Every structure is written in C-alpha cells, then in structure tokens.
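Below: the structure, in structure tokens.
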Amino acid sequence: MSKIIGNNDGPGGRNETYQIGARKEVSRAQAVREVKQGLHKDTHVVTINNQEYVRDNPDRSKADNVNREK
C-alpha cells in the first residue's frame, strides 16, 4: 500500500506536492526522485504533458491510490 497522498494543489487539481508519511508537503520533483530511487514500493512515475507524477501501482483498492479523494 502506498504511503503517498497527492495534495491536488496545482492547476486543475494536479499534484505539485505530496504527503509522504509524516512529511506533509514534499515537492513533486522530490517525490519523483524518491520513487525513481526505489524508496517507495508499490509506486511508479508517469509522464503527462512532459511532467512527471507519482502514481500508485495498479491493484483492486482505491483506498491506497495517490489521489484517494477522486
């Protein structure tokens, strides 16, 4: 289960920052670096419109998605 939650704080509800564990405001760039380094299992990076974002790996649960409220 991912411990990363998107803050939906960018234009159109995009994630510019994420909550990771006790850290409430981790920049998108830092979160992407950490995922690429393998620090957060069950997550991966996607590129949308030349911007990289953190996403939860697919499974049957919505409760552990990065964007839990959507």
Side-chain angles (χ1 to χ4, degrees):
M1 179 167 160
S2 172
K3 294 182 180 177
I4 299 176
I5 301 171
N7 288 329
N8 301 318
D9 54 349
R14 290 181 292 227
N15 294 315
E16 293 300 325
T17 63
Y18 295 86
Q19 296 177 42
I20 302 176
R23 299 179 292 161
K24 299 295 181 191
E25 199 168 297
V26 177
S27 72
R28 180 168 40 86
Q30 180 63 35
V32 166
R33 274 193 299 274
E34 291 179 12
V35 169
K36 286 182 172 183
Q37 292 171 352
L39 299 177
H40 304 288
K41 70 175 204 160
D42 299 325
T43 58
H44 63 279
V45 174
V46 298
T47 302
I48 302 170
N49 296 327
N50 295 319
Q51 296 286 331
E52 293 182 308
Y53 296 91
V54 174
R55 291 290 182 261
D56 190 61
N57 290 346
D59 63 17
R60 295 182 187 267
S61 172
K62 289 186 179 183
D64 66 348
N65 288 346
V66 169
N67 292 329
R68 288 167 171 77
E69 301 301 318
K70 288 189 169 192

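Remember, it's a predicted structure, so these values are computed and weren't measured experimentally.
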For this session: Decide yes or no for Ile4 and Val35: does some side-chain heavy atom of the first lie under 4.5 Å from some side-chain heavy atom of the second?
Result: yes
Exercise. What closest approach, in Å, do Gly10 and Glu16 show between heavy atoms, and which atom pair accounts for it?
Worked result: CA-CG, 3.5 Å
Problem set entry | Which residues share a salt bridge (charged side-chain N to carboxylate O under 4.0 Å, His left out) with Glu25, sequence neighbours left out | none
Exercise. Distance-only, no hydrogens or angles: does the Tyr18 side chain make a donor-acceptor pair with backbone N or O of Ala31 under 3.5 Å?
Worked result: no
Problem set entry | Test side chain to side chain contact (heavy atoms under 4.5 Å, CB included) applied to Tyr53 and Ile48, Val32, Val45, the passing residue | Ile48
For this session: Calculate, to the nearest 0.5 Å, the distance between atoms NZ and OG1 belonging to Lys41 and Thr43 respectively.
Result: 10.5 Å
Problem set entry | Value rounded to 0.5 Å, distance of CD in Glu34 from CZ in Arg23 | 4.0 Å
For this session: Report the residues that fulfil side chain to side chain donor-acceptor pair (under 3.5 Å) with Lys36, sequence neighbours left out, ordered by chain and then residue number.
Result: Glu52
Exercise. What is the distance from atom OG1 of Thr47 to atom CG of Asn49, rounded to the nearest 0.5 Å?
Worked result: 10.0 Å
Problem set entry | Side-chain heavy-atom pair Val26, Thr17 within 4.5 angstrom cut-off | no
Exercise. Taking it one step at a time, do Asn7 and Gln19 satisfy side-chain contact (heavy atoms from CB on, under 4.5 Å)?
Worked result: CA-CA 7 Å; Asn7 288 329; Gln19 296 177 42; 3.0 Å; yes
Exercise. Taking C-beta and beyond as the side chain, do Asp9 and Arg28 meet within less than 4.5 Å on heavy atoms?
Worked result: no
